[in-house]
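Take a look at the structure set out below.
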Number of protein chains: 2
Amino acid sequence: MPRSLRSSRHQRLAELIVAFRMEAGLKQSEVAERLGRHQPFVSDIESGQRRVDLIELLDLAEAIGFDPRDLVTALLETPKD
Amino acid sequence: MPRSLRSSRHQRLAELIVAFRMEAGLKQSEVAERLGRHQPFVSDIESGQRRVDLIELLDLAEAIGFDPRDLVTALLETPKD
DNA sequence: AGCAGATTATCCGAAATCCAGATATCTATT
DNA sequence: AATAGATATCTGGATTTCGGATAATCTGCT
């Protein structure tokens, strides 16, 4: 586990992605398929074990169907640590 | 060079960060210092040789002084490839 | 409760990436 | 052309990524 994934923002990011996916009524495997990746890829992101590249986030947002800017707004409201 | 860094969005992201930094009148080394990192770290990001984690982007935006949502908006207008 | 199917999490290892520190190259000024 | 300031490249060891397989967990049903 990379130390960079321990901040509260990283944690919150993971939680938010889960929430957006749930709201969209999608399974990890469905999101993965839309991304052309495997289910553990999504699982790792949602459990905060893998970092999310900004470009990947845009793809993720499109696959799930949320506005990445809303996520950014929420993160900006989250204390850094 | 990782193939994940070859999309036009990755390229554009790098360009945008450079543009924001320039506009702010900051040197790579100044940004690096604010981030607690070394200058090559910023250089690698700006030359598109390193990916940018979403959380890192927020830090970068704060260090440079731009709204990360503006960057996202610009990227969303950039074709995927 | 127990089972079955569905969903998500973990493990493994090879490949890719990250990163500091040192060094090199570029750019502008004199 | 020499210096100084800024950015880019290189090196190599540590960390991270990711597919594939498997395991664990969850859910609804009887």
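Just so we're on the same page: letters track the sequence lines, and every chain starts at 1. Predicted model only: the values in this text are computed from it and were never measured.
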Note to self: Starting the side chain at C-beta, find the nucleotide from D:dG19, C:dA20, D:dT16 nearest to A:Arg51.
What the structure shows: D:dT16

Margin query: In this structure, how many angstroms lie between the P atom of C:dT8 and the CD atom of A:Glu30, rounded?
Written below: 9 Å

Notebook entry, point to check: Does the side chain of A:Glu56 reach to within under 4.5 Å of the side chain of A:Leu60, using non-hydrogen atoms?
Noted result: no

Next item on the list: Determine whether A:Leu76 and B:Arg69 make a side-chain contact, defined as any pair of heavy atoms from C-beta on separated by less than 4.5 Å.
Entry: yes

Next item on the list: Round to a whole Å and report the spacing from CG of A:Asp53 to C1' of C:dC18.
Entry: 13 Å

Notebook entry, point to check: If we only count heavy atoms from C-beta on, is the A:Leu75 to A:Leu16 side-chain gap below 4.5 Å?
Noted result: yes

Check: Between A:Glu33 (CD) and D:dG19 (P), how many Å, whole number?
Finding: 14 Å

Item checked: Positions of residues 12-19 of chain A (non-hydrogen atom under 4.0 Å from DNA chain D), listed by number -> none

Next item on the list: Take A:Arg34 and A:Asp59, measure what side chain to side chain contact (heavy atoms under 4.5 Å, CB included) needs, and give me the verdict at the end.
Entry: CA-CA 9 Å; A:Arg34 292 182 185 189; A:Asp59 294 341; over 6 Å; no

Please tabulate the protein-to-nucleotide N/O contacts below 3.5 Å involving nucleotides 6-14 of chain D, giving atom names and distances.
unit_1	atom_1	unit_2	atom_2	d
D:dA6	OP1	B:Lys27	NZ	3.2
D:dA6	OP2	B:Lys27	NZ	2.8
D:dT7	OP1	B:Arg21	NH1	3.0
D:dT7	OP2	B:Gln28	N	2.9
D:dA8	OP2	B:Gln28	NE2	2.6
D:dA8	OP2	B:Ser43	OG	3.3
D:dA8	N7	B:Gln39	NE2	2.9
D:dA8	N6	B:Gln39	OE1	3.2

Check: Would you call B:Asp53 and A:His10 a side-chain contact if the rule is heavy atoms closer than 4.5 Å?
Finding: yes

Check: Any chance CD of A:Glu33 has more than 12 other-residue heavy atoms, nucleotides or ligands included, within less than 6.0 Å?
Finding: no

Check: Which whole-number value in Å describes the distance from A:His10 NE2 to D:dT16 P?
Finding: 11 Å

Next item on the list: Could you check how far CZ of A:Arg37 sits from P of C:dT8, rounded to whole Å?
Entry: 18 Å

Item checked: Side chains of B:Val52 and B:Leu13 in contact at under 4.5 Å (non-hydrogen atoms) -> yes

Next item on the list: Report, as yes or no, whether the 6.0 Å neighbourhood of atom CD on A:Gln39 holds more than 12 heavy atoms from other residues, nucleotides or ligands.
Entry: yes

